[in-house]
Undergrad: 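There's a structure below that I have some questions on.
Hydrogens, waters and symmetry mates are skipped; everything else that's a heavy atom, side chains included, is used. In this chain, numbering begins with 1 at the start of the sequence shown.
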Amino acid sequence: MLDFVRPSKNNMKCPCNHVTLTDEQLAKVIMKYDSNGDRCLNKEDLKDLFKQLGSTSPRWRAARALHHADKNGDGYIDMGAELDQLVKSLRVQSLETASSRNAR
């Protein structure tokens, strides 16, 4: 396996487990899922993101990410103000998923 950055708890593996993503790289990936270019992610955008990341339940993960990252409660994640919260939420979800896999 080849890692392009030094592994740490601030890095996240891509679904194929070949590349480790930093927070900045993950944010760039997330921004590509803004379907209408309004610099906001809605639940459908997030669902598409989680499908692409290989999630087993993308609708549930999208709802959970929206709950954690949407601080103003408008149903959208603003790429300026709330993107950092979404990245943090993804890190937490990825750690929980990894720990549940290891527990099996």
Side-chain angles (χ1 to χ4, degrees):
M1 177 173 14
L2 178 65
D3 288 334
F4 290 101
V5 294
R6 194 166 89 192
S8 75
K9 63 182 176 181
N10 292 329
N11 296 327
M12 184 174 186
K13 296 279 186 189
C14 75
C16 63
N17 286 324
H18 292 128
V19 180
T20 303
L21 301 175
T22 64
D23 286 350
E24 294 80 22
Q25 291 167 327
L26 184 57
K28 285 181 183 179
V29 169
I30 292 168
M31 285 191 253
K32 292 180 182 179
Y33 286 87
D34 178 13
S35 61
N36 59 2
D38 64 352
R39 297 200 35 87
C40 291
L41 296 172
N42 60 29
K43 190 172 181 178
E44 288 301 312
D45 295 336
L46 292 170
K47 192 170 81 171
D48 292 342
L49 168 67
F50 284 110
K51 275 184 193 176
Q52 187 65 32
L53 289 175
S55 174
T56 56
S57 49
R59 185 186 312 167
W60 179 80
R61 294 220 182 261
R64 186 168 176 196
L66 198 57
H67 172 74
H68 286 288
D70 181 21
K71 293 302 178 190
N72 62 4
D74 65 353
Y76 296 92
I77 295 177
D78 184 316
M79 297 270 204
E82 299 168 333
L83 185 59
D84 289 341
Q85 282 301 119
L86 177 59
V87 171
K88 288 178 188 175
S89 173
L90 289 176
R91 293 253 177 252
V92 168
Q93 287 186 33
S94 116
L95 291 173
E96 289 172 356
T97 302
S99 65
S100 69
R101 283 184 197 145
N102 292 339
R104 291 180 193 166

Undergrad: Mind checking the CD-OG spacing from Glu44 to Ser35? Nearest 0.5 Å is all I need.
TA: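 Reported value, rounded in 0.5 Å steps: 8.5 Å.
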
Undergrad: Is Asp23 reaching over with its side chain to a backbone N or O of Ala27, donor-acceptor style, under 3.5 angstrom?
TA: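 No; judged by distance alone, with no hydrogens or angles, the pair does not exist.
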
Undergrad: Would a 4.5 Å heavy-atom cut-off, applied to side chains only, mark Tyr33 and Asn42 as touching?
TA: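 Side chain of Tyr33 against side chain of Asn42, heavy atoms only: no contact under 4.5 Å found.
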
Undergrad: With rounding to the nearest 0.5 angstrom, report the OG to NZ distance, Ser55 to Lys47.
TA: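 Between Ser55 OG and Lys47 NZ, I get 11.5 Å after rounding to 0.5 Å.
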
Undergrad: Using side chain to side chain contact (heavy atoms under 4.5 Å, CB included), reason through Gln85 and Ile77 one step at a time and then give a plain yes or no.
TA: CA-CA 9 Å; Gln85 282 301 119; Ile77 295 177; over 6 Å; no

Undergrad: For a quick test of reading the model, state the closest non-hydrogen atom pair linking Arg59 to Lys43 and the distance between them.
TA: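 Scanning both residues, the minimum pair turns out to be O-CE, 4.1 Å.
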
Undergrad: CZ of Arg39 to CG of Asp34: how many Å apart, nearest 0.5 Å?
TA: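 Here the rounded value is 8.0 Å.
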
Undergrad: Can you measure from OG1 (Thr22) to NZ (Lys28) and round to the nearest 0.5 angstrom?
TA: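 Here the interatomic distance stands at 8.0 Å.
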
Undergrad: Provide the closest heavy-atom pair for Ala65 versus Ser89 in the form atom of the first, atom of the second, distance.
TA: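 Ala65 and Ser89 have their closest heavy atoms at CA-OG, 3.8 Å.
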
Undergrad: Ignoring hydrogens, what is the shortest heavy-atom contact between Cys40 and Met79? Give both atom names and the distance.
TA: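 Scanning both residues, the minimum pair turns out to be N-CG, 4.1 Å.
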
Undergrad: Between CG of Leu86 and CG of Leu46, what distance do you get to the nearest 0.5 Å?
TA: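 The distance works out to 6.0 Å.
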
Undergrad: Rounded to the nearest 0.5 Å, what separates atom CD in Gln52 from atom NZ in Lys32?
TA: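 It comes to 10.5 Å.
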
Undergrad: Should Tyr76 and Leu83 be regarded as members of a common hydrophobic cluster, given that ILVMFWY residues are connected when their side-chain heavy atoms come within less than 4.5 Å of each other, either directly or indirectly?
TA: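 Each belongs to a different hydrophobic cluster.
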
Undergrad: Any side-chain heavy-atom pair from Leu90 and Ile30 closer than 4.5 angstrom?
TA: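 A side-chain contact exists here, since the closest heavy-atom pair is under 4.5 Å.
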
